[in-house]
Amino acid sequence: MTAVHEADTRIDEGAALDFDAIVIGAGLSGMYQLYRLRELGLRVRVLETGTGVGGTWYWNRYPGARFDSESYSYGFSFSQELLDEWDWSEHFSGQPEIERYCNLVADKFDLRRDIQFSTRVTSAHFDEDRGAWAVTLGDGTLYHARFMVTAIGLLSAPTMPRFEGVEDFQGQWSHTGLWPKEGIDFAGKRVAVIGTGASGVQAIQEISKTAEHLTVFQRRPNWCTPLHNRPIPKEEMDEIRAGYPELFKLCRETAACFIHTIDPRGTFEVTEEEREAFWEDRYAGQGFGIWQGNFRDMLSDREANRLISEFVADKIRQRVKDPKVAEMLIPKDHGFGTRRVPQETHYYEAYNRPNVKLVSMLEEPIERITEAGVQTSAQDYEFDVIIYATGFDAVTGSFDRIDIRGTGGQRLKDKWAGGPKTFVGVMVDGFPNMFMIMGPHAALGNNPRSIEFNVEWIRDLIGHMTERNINVTDARPESVAGWNAFVHEKAEGLLSNEIDSWMTGINMNVEGKQTRTIVRYSGTAPEYRAKCDEVAKSGYQGLKFT
Ligand code: N01
């Protein structure tokens, strides 16, 4: 298949458009895309709902919010000056420091002058006559731009449980992903946290320290493992900095861009003693080592997965004093690592505190929220504060919130009704000149590494077009079908795809998201990048240019 360059039919209304490119979102993706598109001399406008930059790290300011990738593997790698200037204070830095980092990036590269804050995009329709996107904002403003880049995150549409009475509650309440800037004071308060995913776990371990009493409402427990965070003294930071080239090279080589590498051995290729010693070492090590650096068959071989699950279950039993509570905290419906593993710091020990109570919603479901607190099937609880750590309408949810329509007026939401389909996670056929950063079916993991790759790929494609005076590109339907088949092939045999979680497109709080779908690319990042590079090298075969 060859790229078609029909330069004579191109639409050249550049001057009449408001911008060359609109980027939606000023998180890490949006900021970096702005930086790279400016290099092409484009007029770019970034539209951001918040009042500041940072995206995830702007909205998720709940107590305990922090990295679970090593800080130095997460920061941008593109600017040596930035790497030289910025010191991380902890191996897994907290939200306030990460937000400061995002602000430094915005200031250092003078990004703010092209970012329009407090602006929600409500719709984006492709105007076929102009070969441009018509983007409407919450206040009715309409902008036209040749290109539209979505940098809207894959976990950025918070979802509330569908309980009756949420609005009736007379105390203070918040979702972890929409945390008030002024913070919430828990001292002397009776607090409820609903939800025990990665956000809930981080919040619970912190709130338990200050609340007078904390009640945790858990539906299905998750397998959590120790983060082992620690400060980074100046000398260690200097060493880390000196090793940045090797560190980023390593991130380019690992399956999910973390510094942890999957062990090439199978679980049963070592003796029982070696296996136990290896797992002890991983459990004592920092971060995602035990998840991303475990035996290669941990997530595909049922028996291997059962054994590691037993290992982690025993750790929970050792750490939680009350055996009944320990059993409540051990997942019974999925094996270790098949859902996202929350990283914790004394999370399990929080349940040994006299001021913390665990309520299993499997035994005692919440029936409604009341003016005073929570009513379960067993009793009424009174609270001063309720925290909803109930997660996000993941991956496609942030797209569904915008009325996105492509050629012939087709809606993206309808197009993706049976599950998302994309070309390399970046483009969708029938949605010309729309590019997604961290879109469905792109490589995930330690996200900034993938963000940098996606952004540069998009910059190169737009550069390819502008150099040749091409105004419009679209993915060919057969390219999308091919990528979809590849993504599905890569998902085969993975235990995680048999489990309900946001990673399989499930959100019980959102209409129409109750059926498991392949929303993630589960091959390796190096393979993903190689495929994308091939597309670029071939002169973008797989795309139409008009
Ligand atoms: O959301 P979740 P999250 N009634 O969907 C429960 C990233 N992240 O915000 O499992 C009762 O994982 C739900 O219960 P169940 C990370 O990728 C990163 O915690 O559905 N309970 C679950 O316990 C993560 O995976 C960091 O039975 C309800 C919880 O709420 C992703 O964000 C930190 C309910 C939701 O868990 C999402 O994490 C935090 C209901 N109606 C997050 N609805 C870092 O460290 C939901 N729940 C970088």
Side-chain angles (χ1 to χ4, degrees), residues 27-28 55-57 59-71 73-74 91-95 98 153-164 166 175-179 192-206 216-225 227 229 256 258 287-288 291 329 331-334 337-345 347 358-369 374 376 386-395 397-398 438 444-448 496 499-510 513-514 519-520:
L28 292 179
T56 288
W57 303 110
W59 296 103
N60 289 268
R61 44 183 82 235
Y62 58 85
R66 64 175 62 251
F67 282 148
D68 48 17
S69 302
E70 285 72 4
S71 309
S73 74
Y74 191 98
H91 281 261
F92 302 90
S93 290
Q95 181 274 336
I98 306 166
L154 75 154
L155 291 155
S156 54
T159 48
M160 289 290 288
R162 293 196 267 185
F163 299 141
E164 262 181 59
V166 168
H175 188 287
T176 46
L178 291 170
W179 203 260
V193 174
I194 302 173
T196 53
S199 305
V201 165
Q202 287 185 333
I204 288 162
Q205 63 201 18
E206 278 310 304
V216 176
F217 291 93
Q218 168 191 267
R219 192 162 59 185
R220 290 173 299 160
N222 283 300
W223 298 99
C224 312
T225 52
L227 182 65
N229 189 20
F258 293 103
F288 278 141
W291 188 32
L329 289 163
K332 307 289 189 297
D333 66 335
H334 68 283
T338 59
R339 295 174 103 198
R340 163 66 151 70
V341 176
Q343 299 276 281
E344 48 87 23
T345 305
Y347 171 66
L358 178 64
V359 175
S360 169
M361 293 173 63
L362 300 175
E363 294 163 14
E364 192 185 328
I366 292 180
E367 290 189 336
R368 61 166 296 135
I369 305 298
V374 172
T376 69
I386 300 179
I387 301 306
Y388 295 95
T390 44
F392 301 89
D393 184 359
V395 188
S398 48
M438 306 300 298
L444 303 176
N446 185 20
N447 290 340
S496 44
I499 305 296
D500 288 355
S501 78
W502 70 257
M503 302 202 300
T504 48
I506 299 283
N507 188 321
M508 302 313 268
N509 304 316
V510 180
K513 300 230 166 146
Q514 278 78 46
V519 291
R520 279 186 321 141

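Whatever order the structure lists ligands and atoms in, that order sets their numbers, starting from 1.
Ranking protein heavy atoms by distance to atom 12 (O) of ligand 1, first place goes to G197 CA, 3.7 Å. Scanning the protein heavy atoms around atom 3 (P) of ligand 1, the nearest turns out to be S199 OG, 3.3 Å. Counting protein heavy atoms only, atom 6 (C) of ligand 1 is closest to G195 CA, 3.7 Å. Counting protein heavy atoms only, atom 48 (C) of ligand 1 is closest to D68 OD1, 3.3 Å. Nearest to atom 26 (C) of ligand 1 among the protein's heavy atoms is R340 NH2, 3.7 Å. The protein heavy atom nearest to atom 1 (O) of ligand 1 is G391 CA, 3.2 Å.
Near P161, meaning under 4.0 Å from any of its heavy atoms, are these atoms of ligand 1: 40 (C), 41 (N). Near Q202, meaning under 4.0 Å from one of its heavy atoms, ligand 1 places the atoms 33 (C), 45 (O).
A heavy-atom separation below 4.0 Å is found between Y62 and ligand 1. Ligand 1 is never approached by T176 to a heavy-atom distance shorter than 4.0 Å. Between R66 and ligand 1 there is a heavy-atom distance shorter than 4.0 Å. Residue contacts with ligand 1 include R339, since one of its heavy atoms falls under 4.0 Å from the ligand. Using a non-hydrogen distance threshold of 4.0 Å, F163 registers as a contact of ligand 1.
Side chains of R66 and T345 form no contact here, defined as non-hydrogen atoms less than 4.5 Å apart. At a threshold of 4.5 Å between non-hydrogen side-chain atoms, the residues T56 and L155 do not count as touching. A heavy-atom distance below 4.5 Å is not found between the side chains of W502 and N507. Under the 4.5 Å side-chain criterion, counting only non-hydrogen atoms from C-beta, I369 is in contact with V374. Contact annotation: the side chain of L227 never approaches that of Y347 to less than 4.5 Å [non-hydrogen atoms, C-beta and beyond]. Side-chain contact between N446 and F288: absent, with no pair of heavy atoms (C-beta onward) separated by less than 4.5 Å. Side-chain contact between W223 and H334 is present, with at least one heavy-atom pair separated by less than 4.5 Å.
Backbone and side-chain nitrogen or oxygen atoms of W502 are examined, and one is located within less than 3.5 angstrom of a nitrogen or oxygen of ligand 1. Close N/O approach between R219 and ligand 1 is found [any backbone or side-chain N/O within under 3.5 Å]. The N/O atoms of F67, backbone and side chain alike, include none that comes under 3.5 Å of an N/O atom in ligand 1.
For the side chain to side chain contact (heavy atoms under 4.5 Å, CB included) with V216, the lone residue among I387, I204, L329 that qualifies is I204.
For R220, heavy-atom contacts with ligand 1 shorter than 4.0 Å involve the backbone as well as the side chain. Contacts between M361 and ligand 1 below 4.0 angstrom, taking non-hydrogen atoms only, involve the side chain exclusively. Heavy atoms of A389 found under 4.0 angstrom from ligand 1 belong exclusively to the backbone. With a 4.0 Å heavy-atom cut-off, ligand 1 is reached by the side chain of N509 but not by its N, CA, C or O. Using a 4.0 Å cut-off between heavy atoms, F217 makes no contact with ligand 1 at all. Residue Q343 does not touch ligand 1, judged by heavy-atom distances below 4.0 Å.
Relative orientation of the F67 and W57 rings is perpendicular, given thresholds of 30° and 60° on the angle between their planes.
At distances below 3.5 Å, not a single donor-acceptor pair connects side-chain atoms of Q218 with backbone N or O atoms of S360. Side-chain atoms of W291 do not come within 3.5 Å of backbone N or O of R340 as any donor-acceptor pair.
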Stepwise side-chain hydrogen bond (donor to acceptor under 3.5 Å, both in side chains) test for T225 and E344: CA-CA 6 Å; T225 52; E344 48 87 23; over 6 Å; no
Step-by-step side-chain contact (heavy atoms from CB on, under 4.5 Å) determination, M160 to N509: CA-CA 7 Å; M160 289 290 288; N509 304 316; over 6 Å; no
Verdict with supporting geometry, I506 and K513, side-chain contact (heavy atoms from CB on, under 4.5 Å): CA-CA 5 Å; I506 299 283; K513 300 230 166 146; over 6 Å; no
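Relative to atom 7 (C) of ligand 1, the option among L155, N507, L444, T196 with the closest non-hydrogen atom is L155.
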